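First the structure, in the form of structure tokens, and then the observations on it.
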Protein chains: 2
Amino acid sequence: MNNLNIYTKKLRESGLRPTRQRLKICEVLFSPEKTFHFTIKDLTKIIEQKLSEKISLATVYNTVHAFKKKGYLKEISINSDKSYFDTNVTEHHHFFDEDTNELIDCGKNEIDSVNIKQNITGKKIKSVEVLVKVATDNQNQN
Amino acid sequence: MNNLNIYTKKLRESGLRPTRQRLKICEVLFSPEKTFHFTIKDLTKIIEQKLSEKISLATVYNTVHAFKKKGYLKEISINSDKSYFDTNVTEHHHFFDEDTNELIDCGKNEIDSVNIKQNITGKKIKSVEVLVKVATDNQNQN
DNA sequence: ACTTATATTAAAATAATTCTAAACTGTTGA
DNA sequence: TCAACAGTTTAGAATTATTTTAATATAAGT
């Protein structure tokens, strides 16, 4: 199966028609060998470089959210003014560098799996995320 | 030492003069026996009820951020459109109920302490936060 | 090709947060 | 005590991320 078919499949599975814009989004998100983190703005900029034309923010938002809902992207919880996404959807955690606002993957073996003994009545655990904030020594926390 | 003096001390230690508005903020934040979670809007509403007059959002933002910087408040990382704060500054973690957008403390003993083996060169760990997202069984993740 | 449902888009709307500049107040030192 | 100054409050404007809108364009099935 070639990439185009893979992208089309992912889009259809996410409830979206494959369009020129969405296929470009897929190409940026799913063709690199390495997973990566991005914000909507990052992604839009990269796509516009590849397309050599504008793409509407609304299209990027819609597509990213559909992929997230389907599980093809993960949203990372950072207290910040913007949302970060991750193309690595396997279970792993993150460092967040407060000096540079950069997200760094935490190797799977670098944090022992988190054991939660408490449970909330009637609720199911949807995700467990560990965020380790780091900064240079001389900086204030946050 | 009475409450007023405690509030004044906290404000001064945070680099702020004690003013009427800020003392009211302190009263809301630091007089309850139980710690609690809040958003800036929540806090503003409560203060206005106590003051029986308006308080500027800018004042609330400034004061909350100064307390956070000093360590008298914690900001909780949730991917959401708004910031959540916690008057409980001891080490603990959270559940986030995606159905109701509610934060729930995770008892200190309910999660084993997180052991991070990896370290980022030149950086120091500022905080480690575990966020457990929960929802009713029949809901999609996020 | 034709039709219809879905997409794309620019622009407007919304919402949280930050900034601004003018009016006000706490603090300090004479 | 009081003047002077530095810090504070405020309403409203500015900024930024995100969502909505409604008109135009495109994909897919017949």
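Predicted model only: the values in this text are computed from it and were never measured. Labels below follow one simple rule: chain letters A, B, ... track the order of the sequence lines, proteins then strands, and each chain is numbered from 1. Side chains included, hydrogens not; waters and symmetry mates left out as well; all remaining heavy atoms used.
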Ignoring the backbone of [X], work out which of [options] is nearest its side chain.
X	options	value
A/P18	D/dA28, C/dT17, C/dT25	D/dA28
B/I55	D/dT10, C/dT8, D/dA27	D/dT10
A/R12	D/dA6, D/dA28, D/dT10	D/dA28

Starting from the 5' end of DNA chain C, give me the residue, B/T19 or B/S83, whose nearest nucleotide shows up first.
->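 This one resolves to B/S83.
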Under 4.0 Å: is that the gap between some side-chain N or O of [X] and OP1 or OP2 of [N]?
X	N	value
A/R20	C/dT9	no
A/K41	D/dA17	yes
B/H65	C/dT18	yes
A/Q21	D/dT26	no
A/R22	C/dT8	yes
A/Y61	D/dT19	no

Between [atom1] on residue [X] and [atom2] on residue [Y], distance to nearest 0.5 Å:
X	Y	atom1	atom2	result
B/I76	B/K74	CD1	NZ	5.5 Å
B/T39	B/K82	OG1	NZ	5.5 Å
B/L16	B/L11	CG	CG	6.0 Å

Rounded to whole Å, how long is the line connecting atom [atom1] of [X] with atom [atom2] of [N]?
X	N	atom1	atom2	value
B/I40	C/dT17	CD1	C1'	9 Å
B/N101	C/dA15	CG	P	14 Å
A/N62	C/dA10	CG	P	14 Å
A/E75	D/dT18	CD	P	8 Å
A/L16	C/dA7	CG	C1'	10 Å
B/K82	C/dT17	NZ	P	9 Å
B/I47	D/dT10	CD1	P	10 Å
A/L57	C/dA12	CG	P	15 Å

Measure from the side-chain N and O atoms of B/E129 to the backbone N and O of B/H93, and report whether any donor-acceptor pair falls under 3.5 Å.
->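 Side chain of B/E129 to backbone of B/H93, a donor-acceptor pair under 3.5 Å: no, none is there.
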Any donor-acceptor pair under 3.5 Å linking the side chain of A/R12 with the backbone of A/P18?
->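 Judged by distance alone, no pair lies under 3.5 Å.
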